[in-house]
Number of protein chains: 2
Amino acid sequence: MSNAQDMLFRTLADPTRRALFERLCREGEKTVGALTARAGVSQPVVSKHLGILKQAGLVRDRHEGRQTHYSARLGALAPLVDWTSEMAGFWQSRFDALEDLLKRMDQ
Amino acid sequence: MSNAQDMLFRTLADPTRRALFERLCREGEKTVGALTARAGVSQPVVSKHLGILKQAGLVRDRHEGRQTHYSARLGALAPLVDWTSEMAGFWQSRFDALEDLLKRMDQ
DNA sequence: TTAACTCATAGCTATCGGGGTATGGATCAT
DNA sequence: ATGATCCATACCCCGATAGCTATGAGTTAA
């Protein structure tokens with residue numbers, strides 16, 4: 001029963017994970033080793049986080065010899081944008097309704 | 001060292017909390033009692049979540065007699081939108097750079 | 001004043017999850 | 001073939017937190 005937003009919010013809630021995703025967005029494709037070098041946590045931890053990011057659809061992996069290259073999949077952020085827009089939409093429609101009411105009261 | 005995005009993602013990561021915020025966006029101002037009625041958790045839990053939402057700036061409260069009315073503060077979502085745009089921007093600029101490179105190689 | 005009601009806080013428990021080390025599988029270099 | 005490198009998995013540990021009940025503070029009704 002967990003929708004797309006749930007997965008995204010939970011995945012991006014962790015600072016280490018979000019930092020990894022940000023680096024992939026900023027700097028493009030990176031190997032696990034390169035990511036580990038500046039992640040501040042051990043390699044297994046980086047691998048686990050990358051696995052979670054992949055499961056959320058936020059990254060993709062490409063195997064080349066003994067190293068794995070990860071890159072950001074920006075399209076996965078769409079549900080987050082949609083959710084935000086939806087919330088804004090509800091708020092706006094209620095605002096419009098209020099505006100409308102005030103207008104009618106003014107007549 | 002926790003920026004605005006961190007607070008927002010962590011706060012919205014919990015399904016119960018996000019559901020409360022969504023209801024406030026959809027249906028407007030609600031009392032704690034009204035929220036508790038359909039929250040699926042106990043009243044103290046609802047109060048605690050509302051407190052966290054308030055601390056994140058996502059809701060505001062208004063005291064009226066013995067009841068407290070909560071409402072959504074949509075502006076608080078701005079850092080989230082900014083972050084998303086920033087990530088998209090990085091991705092786009094790298095894409096543009098690649099496009100540019102290919103263009104120059106083509107000459 | 002007393003009783004009922006609304007919400008917030010305190011205290012507790014159990015679970016979840018992020019961190020680590022150890023290790024194995026796979027690939028490359030010697 | 002052997003050793004070194006890169007990554008993923010398994011396992012454990014511990015802190016964070018979401019849930020509960022009990023209770024108190026504040027407010028309205030009787």
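A note on names: the letters A, B, ... follow the listed sequences, proteins ahead of strands, and every chain is numbered from 1. Model, not experiment: these values are computed from the prediction. In what follows, every heavy atom counts, from backbone to side chain, and hydrogens, waters and symmetry copies are set aside.
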For residues [X] and [Y], report the shortest heavy-atom separation together with the two atoms involved.
X     : Y     : answer
B:T11 : B:A56 : OG1-CB, 3.5 Å
B:L74 : B:C25 : CD1-SG, 3.8 Å
B:L8  : B:A76 : CD1-O, 3.2 Å
B:F21 : B:A72 : CE1-CB, 3.9 Å
A:A39 : A:V46 : CB-CG2, 3.8 Å
B:Q55 : B:M7  : O-CE, 4.0 Å

Hey, which of B:R73, B:R23, B:R62, B:R60 is the one that makes salt bridge (charged side-chain N to carboxylate O under 4.0 Å, His left out) with B:E29?
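Only one option passes, and that is B:R62.
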How close or far is atom [atom2] of [N] from atom [atom1] of [X], stated in whole angstroms?
X     : N      : atom1 : atom2 : value
B:H63 : D:dT27 : NE2   : P     : 10 Å
B:R62 : D:dT27 : CZ    : C1'   : 16 Å
A:L35 : D:dC7  : CG    : C1'   : 12 Å
A:F9  : D:dT17 : CZ    : C1'   : 19 Å
A:R18 : C:dG17 : CZ    : P     : 17 Å
B:L12 : D:dA18 : CG    : P     : 12 Å
B:R10 : D:dG15 : CZ    : C1'   : 14 Å
B:L20 : D:dA18 : CG    : P     : 12 Å

Output yes when at least one side-chain N/O atom of [X] is less than 4.0 Å from OP1 or OP2 of [N], else no.
X     : N     : value
A:T36 : D:dC7 : no
A:Y70 : D:dC6 : no
A:T68 : D:dC6 : no

Do any of residues 37-54 of chain A sit with a heavy atom less than 4.0 Å from DNA chain D, and if so which?
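Within residues 37-54 of chain A, the residues near DNA chain D are A:Q43, A:P44, A:S47.
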Without swapping roles, check the side chain of A:R10 against the backbone of B:P15 for a donor-acceptor pair under 3.5 Å.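 Checked: no pair found.
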Walk me through whether B:D61 and B:L50 qualify under side chain to side chain contact (heavy atoms under 4.5 Å, CB included).
CA-CA 9 Å; B:D61 59 346; B:L50 288 172; over 6 Å; no
The contact string for nucleotides 24-30 of chain C, one letter per nucleotide 5' to 3', using protein heavy atoms under 4.0 Å with B, S and - for base, sugar-phosphate only and none, comes out as ---BB--
